[in-house]
Trainee: 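Quick one: the structure is below, and I'll ask about it shortly.
Atoms within a ligand are numbered from 1 in the order they appear, just like the ligands themselves.
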Amino acid sequence: MDWTRRLLSFSVVFCVLQKITHTVDLPPPCNSTIYCTGEILHHVQLAKIFSDDKHFVDMGLLDNPDKIRTTFLDLLNSSTSGIVDQKKLIQFLNTSFTQPGKEFEEWDPLDWHKNPNFLSHITDPELRSWAADLNDLWKSLGRKISGKVKDLPDRHSQIYVPNPVVVPGGRFREFYYWDSYWVINGLLLSEMYDTARGMIENFLYMVDSYGFIPNGGRVYYLNRSQPPFLTLMMESYMAHHHNVTFLRESINLMAKEYDFWMTKRSVSVQQYGKNYTLNRYYVPVGGPRPESYSKDYELAVNLTAGAKQSFYSELKAAAESGWDFSSRWFYGSTNTLLDTKTSLVIPVDLNAILCRVERTMAKFYTDLNMTNEASKFSTALEHRLEAVQAVLWDESLGVWLDYNINDTSRNQNFYPSNLAPLWASCYKNPAIVEKAVSYLEISKALSYQNGLPTSLKETGQQWDFPNGWPPLQHMVIEGLEKTEYKKAKEIAFSLAQKWVTVNFDAYKKYNAMYEKYNVEGDGKPGGGGEYEVQLGFGWSNGVIMQLLDLYGSRLTSSAISTPFSWIPFTLPLLIITFWV
Ligand SMILES: *[C@@H]1O[C@H](CO)[C@@H](O)[C@H](O)[C@H]1NC(C)=O
Ligand SMILES: *[C@@H]1O[C@H](CO)[C@@H](O)[C@H](O)[C@H]1NC(C)=O
Ligand SMILES: *[C@@H]1O[C@H](CO)[C@@H](O)[C@H](O)[C@H]1NC(C)=O
Ligand SMILES: *[C@@H]1O[C@H](CO)[C@@H](O)[C@H](O)[C@H]1NC(C)=O
Ligand SMILES: *[C@@H]1O[C@H](CO)[C@@H](O)[C@H](O)[C@H]1NC(C)=O
Ligand SMILES: *[C@@H]1O[C@H](CO)[C@@H](O)[C@H](O)[C@H]1NC(C)=O
Ligand SMILES: *[C@@H]1O[C@H](CO)[C@@H](O)[C@H](O)[C@H]1NC(C)=O
Ligand SMILES: *[C@@H]1O[C@H](CO)[C@@H](O)[C@H](O)[C@H]1NC(C)=O
Ligand SMILES: *[C@@H]1O[C@H](CO)[C@@H](O)[C@H](O)[C@H]1NC(C)=O
């Protein structure tokens with residue numbers, strides 16, 4: 001029995017809350033016959049004219065899509081081999097498409113300040129001056145979508161949004177969903193309240209238009225989302241700039257996004273004779289990802305038609321998790337992307353995020369005096385707390401672990417996401433906090449010079465060893481810091497110092513901020529995965545700003561100059577000197 005059918009049979013048992021659409025003929029990611037399906041996409045991507053498949057799907061059209069399609073079909077028809085030769089293909093691209101990046105106008109944020117207050121809390125002068133540079137970087141990452149995208153949407157893969165955005169940077173020339181949480185946290189420290197609010201309003205607009213928030217601002221990202229941070233973006237905004245009127249205007253769309261996750265992304269699991277509802281990443285959409293078309297297509301080349309569609313769907317679910325790609329989703333024996341089975345996993349971090357969303361929604365509704373809705377979310381939170389404890393908590397390791405609904409196993413490997421419930425305060429019994437902290441202490445994960453690794457497995461995937469990622473550092477550090485344990489707070493600070501040091505050293509060396517870093521060595525950007533490491537970089541800048549804000553009086557630009565850090569090196573020498 002192939003795994004699709006196995007999945008189907010399990011689905012019947014477990015996925016009672018959603019209609020199963022996991023059949024061979026899955027719908028395409030979007031209906032554009034240029035950007036999401038069809039002959040042009042297929043031929044251009046497999047011809048590998050550009051080094052990155054994302055290049056083609058980010059190009060704009062010079063004519064209407066039907067005309068361009070006809071031109072191409074004529075070319076195809078006139079070729080005897082069934083393949084348009086490279087020269088003609090390039091000519092076709094030159095006459096029918098614009099280069100990528102043309103849908104934007106550079107945009108200088110009007111609410112930018114030279115000296116936001118958080119800078120004055122940073123004691124180390126080198127770190128303070130670096131933070132001021134990061135504050136400047138918002139200007140180069142700000143983009144406004146040009147009016148032609150609004151007027152001629154079918155000539156662009158860019159999705160129109162009304163307000164300017166801060167993009168991650170590099171090949172990521174559109175907004176991304178979960179990245180924006182840390183971007184917005186950074187913007188708020190920079191006191192750029194209008195830009196932050198505008199980005200939140202864009203996401204609300206997405207929910208209004210599509211019923212959910214896509215992975216990023218491109219049509220080929222419709223039908224998959226990313227970790228659900230909208231409510232937490234609003235939580236951050238309200239903490240800096242409380243505005244009940246804005247909250248009242250937005251709350252329905254926030255509730256609508258939550259409903260999307262609860263209806264389209266939930267699973268029912270039986271444990272100890274009880275049914276629990278939890279969430280997973282799940283994208284029942286077929287075809288290669290348009291922005292990585294040739295890679296997906298070539299990987300699937302030996303699979304049967306049905307297995308191909310399931311594989312494509314699992315890759316998209318991994319992309320929805322934000323961890324594309326990782327050993328975290330591997331179930332199988334090839335140790336390659338072909339083992340990706342994201343939809344079988346109930347992820348700790350997704351459920352921790354939703355736990356915090358439920359608590360925050362209950363609080364928002366309470367602030368708005370809407371008591372019925374508030375109690376609906378309080379009840380949802382109670383259910384979540386029980387489900388997380390029953391299904392994800394592993395008493396023998398003393399930590400939360402991803403749960404596989406197919407074989408009911410928990411993934412025993414280290415991932416920083418295992419600690420996400422600390423960050424979300426997603427537990428009832430405070431005694432388990434101490435266990436989770438000792439899990440971290442005895443794991444090898446604290447032994448790396450530059451921060452927490454994404455896993456301890458080296459697979460060549462970018463969400464694995466030896467890469468460290470900004471959002472994971474932040475969630476673990478904030479999670480440890482908010483506990484009542486001195487030891488946990490010490491670990492939090494030491495992780496923050498490591499992360500600040502590697503970012504700062506790389507910044508001095510390359511004059512750039514990267515999307516990820518190597519947890520080993522002396523300040524190298526991370527590697528692996530599907531594309532070259534990117535610079536910019538939205539969430540990296542946001543996380544550094546948050547750490548500098550949190551520990552501004554204690555962090556130092558050179559880890560060696562930490563007060564008393566000379567003791568371990570010089571004390572033995574002193575002792576020897578005196579002894580002799
Ligand atoms: C589901 O679990 C069974 C039994 O453990 C295993 O044989 C099968 O390969 C698993 N299916 C998938 C898709 O991982
Ligand atoms: C594509 O078109 C079909 C049929 O009109 C529609 O049901 C579906 O929602 C569309 N999908 C997208 C992503 O627009
Ligand atoms: C392909 O070319 C042939 C012969 O020139 C023509 O009869 C046919 O209609 C063309 N097909 C398409 C799809 O344009
Ligand atoms: C045509 O395409 C090639 C390959 O992308 C590019 O080098 C060249 O600049 C393009 N010419 C025009 C006029 O766009
Ligand atoms: C894909 O997205 C479109 C537009 O949001 C929606 O109408 C359609 O139902 C989605 N399809 C699937 C399979 O989720
Ligand atoms: C609060 O939000 C309301 C409604 O969107 C808006 O009109 C008002 O200007 C906001 N107030 C502040 C201080 O931002
Ligand atoms: C749990 O859900 C399953 C599937 O819907 C159902 O058959 C079963 O009776 C439920 N069990 C309990 C204890 O509610
Ligand atoms: C597909 O099969 C061929 C022939 O066995 C093999 O050489 C190739 O490596 C396989 N490709 C993948 C992606 O598994
Ligand atoms: C909620 O109700 C209290 C007590 O009636 C009132 O003081 C407060 O202004 C109300 N808040 C909002 C946001 O309407």
Trainee: For atom 9 (O) of ligand 8, is there a protein heavy atom at a distance under 4.0 Å?
Mentor: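 It does not; no protein heavy atom is within 4.0 Å.
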Trainee: Looking at Glu314 and Lys308, is there a salt bridge between them, counting it only when a charged N and a carboxylate O are closer than 4.0 Å?
Mentor: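 Between Glu314 and Lys308 there is no salt bridge, as every charged N stays at least 4.0 Å from the carboxylate O atoms.
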Trainee: For Ile83, does the CD1 atom sit with more than 12 other heavy atoms under 6.0 Å from it, leaving out its own atoms?
Mentor: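 Counting neighbours around CD1 of Ile83, 12 or fewer heavy atoms of other residues, nucleotides or ligands fall under 6.0 Å, so no.
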Trainee: Charged N to carboxylate O under 4.0 angstrom, Lys48 versus Glu298?
Mentor: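 So Lys48 pairs with Glu298 through a salt bridge.
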Trainee: Please name the residue in the list Phe246, Phe364, Phe203 that meets the ring-ring contact (aromatic ring centres under 6.0 Å, His included) test with Tyr237.
Mentor: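 The single option meeting the ring-ring contact (aromatic ring centres under 6.0 Å, His included) with Tyr237 is Phe246.
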Trainee: What atoms of ligand 9 come within less than 4.0 Å of a heavy atom belonging to Val244?
Mentor: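 In order of number, 13 (C).
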Trainee: Would you mind running through ligand 8 and noting each atom that sits below 4.0 Å from a heavy atom of Leu299?
Mentor: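 So the answer, numbered in order with elements, is 13 (C).
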Trainee: Identify, by atom number and element, the atoms of ligand 8 in contact range of Glu298, meaning under 4.0 Å from any of its heavy atoms.
Mentor: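 So the atoms of ligand 8 that pass are 13 (C).
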Trainee: Is the closest basic N to carboxylate O distance between Arg328 and Asp402 below 4.0 Å?
Mentor: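 So Arg328 pairs with Asp402 through a salt bridge.
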Trainee: So, is Asn406 polar-close to ligand 1, with some N/O to N/O distance under 3.5 Å?
Mentor: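 Between Asn406 and ligand 1, an N or O pair is found under 3.5 Å apart.
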Trainee: Short check: is a protein heavy atom less than 4.0 Å from atom 5 (O) of ligand 9?
Mentor: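 Within 4.0 Å of atom 5 (O) of ligand 9, no protein heavy atoms are found.
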Trainee: Mark yes when over 12 heavy atoms from residues, nucleotides or ligands other than Tyr297 sit less than 6.0 Å from its OH; otherwise mark no.
Mentor: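 Count not over threshold, so no.
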Trainee: State the atoms of ligand 1, each with its element, that fall below the 4.0 Å cut-off from a heavy-atom position in Leu344.
Mentor: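 Reading through ligand 1 atom by atom, the close ones are 12 (C), 13 (C), 14 (O).
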Trainee: Does a side-chain N-to-carboxylate-O contact under 4.0 Å join Glu201 and Arg197?
Mentor: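 Looking at Glu201 and Arg197, the cut-off is met.
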Trainee: Taking atom 2 (O) of ligand 8 as the point of reference, which of Thr334, Asn302, Val301 owns the nearest heavy atom?
Mentor: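 Nearest heavy atom to atom 2 (O) of ligand 8 lies in Asn302.
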Trainee: Closest by any non-hydrogen atom to atom 13 (C) of ligand 9: pick that one out of Asp367, Thr245, Asn369.
Mentor: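 Selected option, by shortest heavy-atom distance: Asp367.
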